[in-house]
Structures are given as structure tokens and as C-alpha cells.
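What follows is a set of notes on a single structure, which appears directly below.
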There are 2 protein chains.
Amino acid sequence: MFTKVFKTLNDNDLLKENDRVLVAFSGGPDSTALLYLLIKLKSKIAFDISAVHVNHNIRKEEALKDEKFCKKFCEKYKITLHIVSENIPLLAKKEKTGIEETARNFRLKSFEKLCNEYNYNKIAMGHHADDQVETVLFRLFRGSGRTGLKGMSIKRDKIIRPLLETKRTEILDYLKKHKIKYIEDSSNFENYYQRNFIRNELIPVIKKKINPSVDKSILNFSESISLEEDFLDSLTNKAVKKVVRVTPGRKFQLDLNLFNNYDLWLKRRLLRFCLFELSRSKTMPDKEIINRLVSLVEKNGKEISLPGKIQAKLDNNGLILFERFKNNYQVELPIGETVSLNLPNYKFYSCKTSLNSFKKLVKRNAFTIFLDYNLIKFPIYIRNINQGDRCRFLGMKGSKKISNYLIDKKIPKVYRDEIPLLFDQAGIIWLVGCEIADRVKVNKNTMRVLKIGCARR
Amino acid sequence: MFTKVFKTLNDNDLLKENDRVLVAFSGGPDSTALLYLLIKLKSKIAFDISAVHVNHNIRKEEALKDEKFCKKFCEKYKITLHIVSENIPLLAKKEKTGIEETARNFRLKSFEKLCNEYNYNKIAMGHHADDQVETVLFRLFRGSGRTGLKGMSIKRDKIIRPLLETKRTEILDYLKKHKIKYIEDSSNFENYYQRNFIRNELIPVIKKKINPSVDKSILNFSESISLEEDFLDSLTNKAVKKVVRVTPGRKFQLDLNLFNNYDLWLKRRLLRFCLFELSRSKTMPDKEIINRLVSLVEKNGKEISLPGKIQAKLDNNGLILFERFKNNYQVELPIGETVSLNLPNYKFYSCKTSLNSFKKLVKRNAFTIFLDYNLIKFPIYIRNINQGDRCRFLGMKGSKKISNYLIDKKIPKVYRDEIPLLFDQAGIIWLVGCEIADRVKVNKNTMRVLKIGCARR
């Protein structure tokens, strides 16, 4: 098995000299074999190993026993062991997430923290080929779609999985042959019962009744789909860059002239990308939702409401996808400082400028303005447009409703609600990207100038 | 359900006016519902329906009962019914194929024959959504790879599957509601036991333990993979046209300068395409075999033998894939006639030409030759090169071994064995594509000319 894992490491370029590897070590057979193998490998490649054991405090007594085992093992082989502990059931209750999800998030966060603290550049996980088969089936049955069927990656970001091509039986044989002890019943929390069902009931019966090497079939399938999925992803990303524009208010605007030329599969992927990015829960949208969007575009409809408070609208600007919610905000913009908004995505800055440099250097544009400092009643605030807002804009005789002003300027309705405005203690001074108020303009009497700018963060 | 099937028909453009549809009618619930639905549909679309019932003679008594049921049903609705009968178990024995495969082949062949005879342009099959789910799982477990996971097509060549989006339960409900009788236990032969296991045991337990709508997940998956698979196929076909040249002897020659630039997934698909085309059994090659080929190319190896008597060779001409076998043939080429070879893929023709037209019109080239008719000792034969063959070629003083001649001409070894030669009763007269024998050349005394040509069929 050592040779096999060594080949996996080499073929996939998982380990290099001077790597600092953190091994996720539960004490179960997989991670014990992994840690032992990597220790042996140190004679071939010069790299550092440490281990981390996570105590989830789910099975109290046992959890302590597991911890002890890991300590002893690491002492024997002179490996640094980090022990991370958290009361997962309590945390899960607090955060209202499932035990499994909480445990996984906690593990990953802890690993990342250790990496930052101790400069580990690789995290080695003990997942093996049977885990992979179970993952693929689990995801197929749950409907996670093509992307999920790629299975786990042998290498992704810091994470490496050197055992991903090794079978469970090979690992157990190896441990037995080298007389290495491990914890028999260390449990994997992720979807414990469903995964156990797939492992212990489903796969054995499929092997018996349909194909004794069903695991090989599934592994081959997931490997081939994985490469092709990466390729399709890269095409999707290219198309996203061409077709999709995201407004500061996180509206996804799709250019239909380009969109309509794509194949159906690519249209679907583009839409899936946008909806995924828009969704708060970061879940893959249902096929039905994608189909509704496709037919909205094909049949040249007007507007549909989708689950997750997402709205899809067709107008002259193309297909626009956005979250339905009223975005109320109001923040101060102190002189000389920079203020960031999250939604809409902008940063503002203000500074006093001399009259001379104003005259010499710069022209006012839609996103950089110059005002008469002395005419402003500080403090200045930034807020969203409210119904009834009105202003006497530059050069106007009387005041005008902002909503009417925007209609006259032919700003499409969907974009109007994401325009911020600035006001001082006497009223509106700037409708961002549009116009300033007449009363604060720089004039022949201006002594001091205030420059305000706005840009995407 | 009528509305649903109508939508399926419309969305997928399955039926048009004046179509002549042949319905595969077993008498089971699926095909009975299908036939009944199509009959009702005739009030909306003007098209013709006939049915075909296949008696496989597997379950003697029952088979006759099924046949009777189908007759009665079609009489009632005034539908033409073709009955096709074959002793499948006997045929399977004779042809040494499995019962299921024999039955399927026989069915498809019979349908095709009826289409030709009666001008049917569509064959409607009763496969439904649950069949599709079972097919996808079955193929995943058996390892038929991505292509298999597309599932059955809703429309492919003449075949249409109007029920493919309808569930089994919907079909049964529909039959019950309309009080339509059907045969309860009409069996589907294809992988009977394994499919029944998936249907009756596997899917119910997955529904219970993992996801109640696992079927929807799998259908969505297979639909999305299907479109993307078509797209990847189209890219593969484009690459095949660029990279692969097939020699007359069915050697697949891959241009490595182009091949090496492709992504791994496309390399694999290209190789899979070639091996599939080469294989006599028309089976998808194993992942291991593809990997061996990829590493032959990457590591610049020389040659490997693959299962199915396939040989892979790397030389100046690129990667060459071919079947290892000795191709012995010998056929007469009568004057004025055309003779076709299958392997190597060539046709030959010979004709007498006047001396004048020879002088005026044509130049000899490697595949069209002119000989002195009177110098030939008819009949002429075409055969493969044998060891020890020798000839005194045009302009040579003595004779030379053909093998040495080809070496001197730098013809790569892999191509040499697919060069045919022609001989008359006095010996070799033409090594095709290379040279004629000196003794039969047109000379100043020539009275009559024989023209012989060779081209790809």
C-alpha cells in the first residue's frame, strides 16, 4: 500500500520538499494509517508533519479515550499534536445548524487557524476510495447535481487526500500487517446514518446482485466527470465574464443578445451561477427554477418571482436577477474620511480641496463632485432614496421629485432603488451618479471646496 | 396525464401532422397507456397509428395470451396490428448471444423492417420516468460511464418516448381512471432480475432512508448530463476530424502534435472513440486501458498490446492504433469490372483504353496505372503481400524483395502490411501506391493499353 499511496502522491503532486503538513487525526483506521504512512515517507521526502485531533464532545467518555489514544500515538512517533476541543452539540443548538454541519465547520475553521498560526501549507485528510464511492452515491441520491458527483478532490486549496485511491480493505490490511493500533469505532459524523446505510447495506447488495466491482465503476465515473466538469466550469466562467454584469446593488444583469446564442446547457449553467451567487443560503437552485427562467427569456415574458425572495425581470437592459428587499441605510460621511457601504457596493470619501487645485486639476464627473464648503450644513449623511424625496438640482428653478427626475433621465426602474444620495442638515446635496443640488455648487464667491467621491469598493 | 404527455410531445417536437407512427405494443401497462393516449391524440393532430406486438416465444402459453389481448385491443380501436414472432431462446442459442440481447436486437430489426415496408417514420416506445431512473442507476452500477448515464433519449432517430417524463404511478392511475385493461405481468426482458431488484428493492429503500424524491434527483441529473454530454461529444467529433486519420487497413493514426495540446479529458475521449471504433465487440474501453495509452504517449514509449487484440504503437507518424491480425485475401480483378475489398478499404477497377487516349489524357500516378495489355497473362488477382514476394520494378535491372523495397522507400512498418498487390500469371504486376513491374510497362511497341485504378471505397 505504501507504494500505491506514494504513486498517488507523485501522480497528483500532493507533497513537496519543505511542505508543512497538518494531518487530521481522529485515531480511526483511515487517519491512523495516513499518519503512519506519512511518517514513514519522511525518509524519502524532507517535509514536516504535525497532527490535529478534534474532540467534538459528542460521546463524552469515548471522546476522551480517543484523545488519549492520539496523544500516545503522536508521542511514540514524536509528532506534534494539536488538540482542539469544542462542545459541538451546544454550539449546534446555539447556531441552529445540524450537528454534522457544525462539526464540519468547526473542524475546517480550526484547521485553518492552525495553518495560519503554525504555517502549515497542507492539510492531509484520511478519506479513501470507499468514502469517495459513498460520497458520490450519497450526492446522486440527494440530488446535488453534476457538480456534486465529482466527489471529493484529491487536492483542493490546502487540503490533500493521499488515500483517495486506496480501498478501505487495503487500509485495514496494512494496519494489521504493521500491527498498528487504531480506534475501532471512531465515528464519522457526516450524515452518519445515511452514509452507514450506503456503506453497510446498499453497496454490499449492489455488489452481490449487479456488479461486484460497482465501486470501481463509480470511481471511474466520478473521476471522468470531474475533469469534464472542470472544463465545463471554465467555459461557464468565461461566459459569465462576457454576459453578466453585477450592479452595485447586487443585481445580476444578463446581456440577452449574447445569452440567447448559447447552448441550453450553458444558459442553464449561467443562470445557476447567478442564482447561486444571489442566494443567501448558497444552495444550488432547482432544475424547475432554472427552467422557468429559461422559458421567461424564450417566451419574452416580463417578470417572475422565485423562491428565496429572488425576482427575475426582463427589460431593455436584459434579464435582471435580484433579491427583493427594501435596503434602508443611513451613515455619516465625516470630512476627510472614507466610508464603505456593503449594499449597494460603494465607498465614499470626502476631503477639503483648495480652490486653486480645484480650478487647475479636476473636472466634476458623475462620481466625483466639488461643492462650496461654506454652503454645506455639516454633518453629511449617505442614505437610500425615500419616497417623496425632492431636490432642486443644478441649474433648476424649482425643486423636483427624485422619482420623476430619474424617470425623465430614463434610468431603468430596477436600478433606481440602488442609487444612494447624500444630504446635509439643509437637505439633499447629491444624487450619486446623477446630479448635485444647485444650492451647494461652487460659485464665484466660493472660498473653500469640498471634494466628494464615490467608487465601487 | 394526457396534458402532461401532450406537453412532452410538444416541448420535444415528437409528433407532427402526417407522421406515421408505429407503437411498440406489449400489452403491458406502459405501452397500453401509450397506445391509448396516442389514439386519443388523433383528434388533435392528424397522424397515423399502427401497432406492433412482438412474440418472443419465451413464455409459450402466456405469450399467446398476450398476443390475443393485443389483437383484441387493436380491433376495438381499429388500429392496424403487426404481429412479429420469433423463437428467441433458440435464436439466442444459435447466435451465442444472451436472451435479452437477442430479443432486443430482434425487436429493433423487426421494427426497422416494418418501417421500411409500411413507411412508418416514428417508432413510439412506452418507456417512462421510472424506467429512466432504473436505467441510469443500472448503468452507473455496471460502469457504462458518462455516456450511459445520459439515460434513454426522448427522441433519437425514428424512436420517440412520449412517456419518458411520466411516472409509473401516473400511468397506472390513468389506466385505472379510464378503465383500460392491460396485461399485469408482461415482463421486460432486459436484465430482468437486476432491473427488478433496482425497481422493487433498491429505489424504495433509498427513498425511505435517504431521499423520498431520489427519482427526481436522478432524472434531473441525467437530463443535465445528457445535454452536456452532447456538447462534449460534438467537441470530441471535431477533434477526431482534426487528429485522427484512418488508413485503408483500419489503422487509426493520431497526430500527436495536435493531440498533446488537448485537455486530458479530451485526450481520453479521443482515445475512447478510436478504441471503440476498432473493437469488434463495440464495447467502451476500460479506464485503465485509456490511462495506459495516455501514459504511452506522455512517456514517449514505443508500443503496447491491449486487450481485444489491439496494438498501440508510437512512431514518426504519431500514435497508431490497430487490430493485430493477419489479413489474407486474394480476389480476381476481371477486365472491365470493379472489385471492392473491405480490409484494406479499397476498390479496384480495370478497363481497356485506346493507346491514343492514354497518350493524350492521362498521366500515371500512384493509384492509376497503365500497362501494356498484350504483355499481361490474365487473369489478374489482388492479394496481400506475402513474405518473400519479389519483383523487378519499373526501371530496375534485377528483382528485389518487396520488403526491402518498402524499407528503402521508407514506408513505415505499420502501413506496409496493408498495401495490396496485383499479379498476373507471370508474377507481380503492381504494388499499389508504389510501382508497377518493369515487364508490363507501356513501351513503343504497345498496341493496347490496360488501365487499372485503385481508390478508397
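Naming: A, B, ... by sequence-line order, numbering from 1 per chain. All values reported here derive from a predicted model rather than from experimental measurement.
Contact annotation for Ile290(B): neither backbone nor side-chain heavy atoms come within less than 4.5 Å of a heavy atom of chain A. Both the backbone and the side chain of Phe141(B) come within less than 4.5 Å of a heavy atom of chain A. Using a 4.5 Å cut-off between heavy atoms, Leu137(B) contacts chain A through its side chain alone, with no backbone atom that close. Looking at Lys216(B), only its side chain comes within 4.5 Å of chain A, counting heavy atoms on both sides.
The environment of Lys4(A) atom NZ is dense: over 12 non-hydrogen atoms of other residues, nucleotides or ligands sit within 6.0 angstrom. Few gaps surround NZ on Lys155(A); more than 12 heavy atoms of other groups in view lie less than 6.0 Å from it.
Note that NZ of Lys287(A) is 11.0 Å distant from OG of Ser217(B), once rounded to the nearest 0.5 Å. The CG atom of Leu235(B) sits 10.0 Å away from the CD atom of Glu228(A) when rounded to the nearest 0.5 Å. Here the straight-line distance linking atom CH2 of Trp265(A) with atom CG of Leu232(B) works out to 7.5 Å at 0.5 Å rounding.
Between chain A and the residues Asn211(B), Leu219(B), Asp263(B), Ile210(B), the most heavy-atom pairs under 4.5 angstrom are made by Ile210(B). Listed options Leu264(B), Val205(B), Leu266(B), Ile198(B) were ranked by heavy-atom pairs under 4.5 angstrom with chain A; first place goes to Val205(B). The candidate from Ile206(A), Leu202(A), Val214(A) with the greatest count of non-hydrogen atom pairs under 4.5 Å with chain B is Ile206(A).
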